[in-house]
A.B. asks: 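My questions all concern the structure below.
Sequence positions, counted from 1, serve as the residue numbers for this chain. When reading the values below, keep in mind they use all heavy atoms of this one structure, side chains included, and skip hydrogens, waters and symmetry mates. Start at 1 and go down the list; that is how both ligands and their atoms are numbered. What you are looking at is a predicted structure, and each value in this text was computed from that prediction instead of being measured.
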Amino acid sequence: MSGPSFSIRKRLADCKAAGKPFVFPWVGMPGVAQAAQIARMGFDAVALDLQHSTIDMGEAAKMVAAINMVGTPSVLRILWNDPGIVGFAFDMGAAAVIAPMTNSVAQVEALVKAAKYPPVGQRSWGGYTMLQAAGVTAAEYLKESNKQTLVFAMVETQDALDVLDKIAAVKGLDGLFVGPSDLSIALSNGAKIDRLGAQTLDVMKKVAASCMAKGLVAGAFAGTIDGVKAYHEIGFEFIAGPTDTELSRMGATAFLTDVGKG
Ligand code: 3PY
Ligand code: MG
């Protein structure tokens, strides 16, 4: 039986067949114990955000190991689209990697090159943590990982929108992932963050359509319950739900309300 990093495709397919989104929290607080706790909460995966948090790569490696031990797939939004970081993330046992600010065909081609073994790309072989995370032998990992693990290019700038269909056509790419905060900042020329605004949703529909046309997974950061529902409705299937901070806040609010202090 495959381990968590090789279960993500099947989990996604099961969610899709059930008409439900694949939903995961977006963790920014370092901490192995908390990562493991969150991995037990019933989400489809756990994402670690290395771009906008204090989780460094050493901490991320430990957190991914803890999440994988629970049997839940881990998703890494990496610090930057750098081939060394992409390889590191997969070698540590990530099931999916999301690269921020991928704004051109060349940048997305470089991302795929770092994420996939030949003949699709040029990922470098080494490290064995990924084998435990996938629950397979080295030979099986080499044969299957290009298909089983997922690499996402983020669409969150006007530059990326300008070449959307070309980015979506990059061979070996598994999905597009919308960063609606940066996207809405770009669309409003720096005026606002409007993750559920009409203009943002309109553009996101185009991203979902582009994914559909190319057989890619349509992903996005939502952050809220309303966001998850709205994005699922317009064609997104791989959706980041609450941040870890928001999860705690929701729990605290419900608790305080229930004891009459809300
Ligand atoms: C964005 O919304 O810009 C993201 O990168 C997700 O947090
Ligand atoms: Mg962003």
A.B. asks: Under 3.5 Å, which donor-acceptor pairs link side chains of residues 206-222 to any protein atom two or more places apart or in another chain?
C.D. replies:
residue: S210; atom: OG; partner: D165; partner atom: OD1; Å: 2.7

A.B. asks: Is E144 salt-bridged to K147, cutoff N-O under 4.0 Å?
C.D. replies: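 Result for this pair is yes, salt bridge flagged.
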A.B. asks: Below 4.0 Å, non-hydrogen atoms only: which portion of M154 touches ligand 1? Side chain, backbone, both or neither.
C.D. replies: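 Contact part for M154 vs ligand 1: side chain (C-beta onward).
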A.B. asks: Yes or no on side-chain hydrogen bond (donor to acceptor under 3.5 Å, both in side chains) for N81 and T102, after CA distance, side-chain angles and deciding distance?
C.D. replies: CA-CA 7 Å; N81 181 23; T102 42; over 6 Å; no
A.B. asks: Tell me, please, which residues at least two apart from D182 pass salt bridge (charged side-chain N to carboxylate O under 4.0 Å, His left out).
C.D. replies: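 Listed in chain order: nothing, the list is empty.
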A.B. asks: Where's the contact between R77 and ligand 1, heavy-atom distance under 4.0 Å: side chain, backbone, both or neither?
C.D. replies: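 Contact part for R77 vs ligand 1: side chain (C-beta onward).
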A.B. asks: So if I count the atoms of ligand 1 from 1 in the order they appear, which ones are less than 4.0 Å from some heavy atom of D182?
C.D. replies: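 It comes down to these atoms of ligand 1: 1 (C), 2 (O), 3 (O).
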A.B. asks: Quick check: does S181 get an N/O under 3.5 Å from an N/O on ligand 1?
C.D. replies: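 In this structure, S181 places an N or O atom under 3.5 Å from an N or O of ligand 1.
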A.B. asks: What I want to know is whether E156 and ligand 1 share at least one N or O pair that is separated by under 3.5 angstrom.
C.D. replies: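 It does: an N or O of E156 is found under 3.5 Å from an N or O of ligand 1.
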A.B. asks: Examine distances only and state if a side-chain atom of N68 and a backbone atom of G93 form a donor-acceptor pair shorter than 3.5 Å.
C.D. replies: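 Side chain of N68 to backbone of G93: a pair is present.
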A.B. asks: Can I get a per-line list of side-chain donor-acceptor pairs under 3.5 Å for residues 17-44, giving both atom names and the distance, sequence neighbours left out?
C.D. replies:
residue: W26; atom: NE1; partner: D49; partner atom: OD2; Å: 3.4
residue: D44; atom: OD2; partner: V23; partner atom: N; Å: 2.8

A.B. asks: When you look at R77 and Q51, which way does the side-chain hydrogen bond (donor to acceptor under 3.5 Å, both in side chains) test go after all the steps?
C.D. replies: CA-CA 7 Å; R77 197 269 285 271; Q51 186 191 13; 2.9 Å; yes
A.B. asks: Measure up the F6 and Y141 rings against each other and bin them: parallel (under 30°), tilted (30 to 60°), perpendicular (over 60°).
C.D. replies: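 Correct class here is parallel.
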A.B. asks: Determine whether any heavy atom of P100 lies closer than 4.0 Å to an atom of ligand 1.
C.D. replies: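 For ligand 1, residue contact (heavy atoms, under 4.0 Å) with P100 is absent.
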A.B. asks: Looking only at protein heavy atoms, which one is nearest to atom 4 (C) of ligand 1, and what is the separation?
C.D. replies: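 Here the nearest protein heavy atom works out to G179 CA, 3.6 Å.
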A.B. asks: Would you name the heavy atoms of V163 and S104 that are closest together and state the gap between them?
C.D. replies: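 In this case the closest contact between V163 and S104 is CG2-CA, 4.3 Å.
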A.B. asks: Suppose the cut-off is 2.8 Å; which protein N/O/S atoms would you list for the Mg ion (ligand 2)?
C.D. replies: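 As for protein N, O or S atoms lying under 2.8 Å from the Mg ion (ligand 2), they are E156 OE1, D182 OD2.
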